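A short write-up of the structure that comes next.
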Number of protein chains: 2
Amino acid sequence: MAQDEYLHALKILRNHKVRLTPQRKTILNYLVNHHTHPSVEMIYDDLKQHNDSISIATVYNTIRLLLDYHLVIELKNGDGSTHYDYFGQPHYHVVCDNCGKITDVFTDEFTDLSTSLDEITRQQTHYLVTRNDIEVHGLCPECQAKFGLLAQAEK
Amino acid sequence: MAQDEYLHALKILRNHKVRLTPQRKTILNYLVNHHTHPSVEMIYDDLKQHNDSISIATVYNTIRLLLDYHLVIELKNGDGSTHYDYFGQPHYHVVCDNCGKITDVFTDEFTDLSTSLDEITRQQTHYLVTRNDIEVHGLCPECQAKFGLLAQAEK
DNA sequence: TTATCTGCAAACCTTTTGCATAGAT
DNA sequence: ATCTATGCAAAAGGTTTGCAGATAA
């Protein structure tokens with residue numbers, strides 16, 4: 001499953017004649033398997049810990065490469081830090097404005113909604129639409145509980 | 001019109017007991033009247049040129065303040081720079097991935113779409129949704145023309 | 001009056017760069 | 001063999017901070 005994603009992404013890169021270095025493979029593999037929305041630093045620290053030969057500059061370079069091929073997307077939560085997410089299946093993100101947690105939402109309804117959005121945009125702006133980034137903000141259930149707001153959320 | 005927006009925003013801040021310094025008013029007014037998605041630096045340079053007493057730190061502080069009250073939203077185009085937009089009327093943004101231009105889209109259909117998105121999110125994640133940020137990416141008409149893609153876009 | 005904001009400049013932190021070496025194709 | 005990526009460390013760039021003086025309420 002995740003392995004399929006990884007192979008799929010590798011193939012895309014190969015098709016574009018991108019040189020597949022061990023570092024690039026490692027980072028890609030890391031992102032495919034960690035849906036924790038890591039920052040560059042987290043990726044770097046984790047990989048270094050596992051004795052992988054890697055430098056922070058390479059992580060930055062590779063992330064940018066993956067962004068270029070839309071294999072990864074960039075996310076910012078409220079506190080200003082930048083996070084990354086492997087973007088295999090179409091989904092969008094929900095950010096908790098209290099704890100900063102980012103959650104993926106995969107749902108069929110999203111596909112329709114996404115299509116409508118692209119339609120509307122094309123009609124209104126005459127842009128040639130290639131993709132969209134959707135981010136919903138709010139309070140996660142845990143933080144609602146902290147604030148004693150759960151009843152309100154259920155209604 | 002823009003003046004109404006400005007007064008509306010001022011009232012919100014006043015209601016929250018935010019101290020209304022000349023610098024804050026100037027920056028707010030600037031944002032209400034410049035839908036050019038300026039960066040902090042642009043705002044600072046423009047205001048300084050008009051002989052306004054202001055420092056870059058104050059621009060940063062005020063922007064953060066306005067973000068907190070959701071009077072302004074933060075945007076990133078492809079090239080990594082950070083831009084801001086006064087967010088009076090609900091709208092979303094379309095970013096040209098070639099030239100970096102950011103365009104506002106105001107449309108009634110967006111309201112419905114936005115509502116559906118919030119619905120879906122609440123059902124799927126049990127978040128207490130407060131807002132959403134939507135960004136569509138593609139090629140603007142001008143850049144399509146540059147690449148001789150206009151015919152394709154019209155179809 | 002008094003708590004808060006401003007301006008300045010230094011500090012900070014994330015990201016980028018330049019260059020010599022290593023390595024993928 | 002060749003062209004591109006890596007790693008390092010230094011530089012850059014953007015953002016934040018600490019503090020003394022100013023000021024909104």
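Letters go in sequence order (proteins before strands), and every chain restarts at 1. Quantities reported herein were computed from a predicted structural model and do not represent experimental measurements.
- Distance NZ (Lys48(B)) to C1' (dG7(C)): 13 Å, rounded to an integer number of Å.
- With dT15(D), dA9(C), dA9(D) as the choices, the nucleotide that has an atom nearest any side-chain atom of Thr82(B) turns out to be dT15(D).
- When rounded to the nearest whole Å, the span between CD1 of Ile43(B) and P of dT15(D) equals 11 Å.
- Salt bridge status for Glu142(B) with Lys101(B): present, with a side-chain N to carboxylate O gap under 4.0 Å.
- Distance CD1 (Ile56(A)) to C1' (dT17(C)): 15 Å, rounded to an integer number of Å.
- For the OP1/OP2 pair of dG7(D) and a distance below 4.0 Å, the side-chain nitrogens and oxygens of Ser53(A) include at least one atom meeting the criterion.
- In this structure, Val59(B) and Arg19(B) both approach DNA chain C, and ranking their closest nucleotides by distance from the 5' end singles out Arg19(B).
- Phosphate proximity of dA22(C) to Gln23(A): absent, as no side-chain N or O sits under 4.0 Å from OP1 or OP2.
- Place Tyr60(B) and Lys25(B) on DNA chain D by their nearest nucleotides, and Tyr60(B) ends up nearer the 5' end.
- Distance from the side chain of Arg64(A) is smallest for dT16(C) among the nucleotides dT6(D), dT6(C), dT16(C).
- In this structure, CZ on Phe110(A) lies 13.0 Å from OG on Ser116(B), to the nearest 0.5 angstrom.
- Here dA5(D) presents its C1' atom at 11 Å from CD1 of Ile27(A), a figure rounded to the nearest Å.
- Arg131(B) has a carboxylate O that lies under 4.0 Å from a charged side-chain N of Asp133(B), or vice versa, which qualifies the two as a salt bridge.
- Mapping Glu41(B) and Arg14(B) onto DNA chain D by nearest heavy atom places Glu41(B) closer to the 5' end of the strand.
- For the pair His83(B) NE2 and dT15(D) P, the computed distance is 10 Å after rounding to whole Å.
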From CA spacing to verdict: side-chain contact (heavy atoms from CB on, under 4.5 Å), Lys146(A), Asn98(A): CA-CA 10 Å; Lys146(A) 265 182 232 159; Asn98(A) 186 57; 4.1 Å; yes
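- One atom, CG of Asn15(B), and another, C1' of dA25(D), lie 15 Å apart when rounded to the nearest Å.
- Classification of the Phe87(B)-His93(B) ring pair by plane angle, with boundaries at 30° and 60°, yields tilted.
- In terms of polar N and O atoms assigned as donor or acceptor, the side chain of Arg24(B) never comes within less than 3.5 Å of the base of dC5(C) in a complementary pairing.
- Distances were taken from every side-chain heavy atom of Val40(A) (C-beta onward) to each of dA24(D), dA24(C), dT15(C); the shortest belongs to dT15(C).
- Listed pair Thr21(A) / dG23(C) fails the phosphate criterion, with no side-chain N or O lying under 4.0 Å from OP1 or OP2.
- Here Ile54(A) lies in heavy-atom contact (under 4.0 Å) with sugar-phosphate atoms only.
- When rounded to the nearest whole Å, the span between CG of Leu20(B) and C1' of dA22(D) equals 17 Å.
- Between the C1' atom of dT4(C) and the NE2 atom of His16(B) lies a distance of 18 Å, rounded to the nearest Å.
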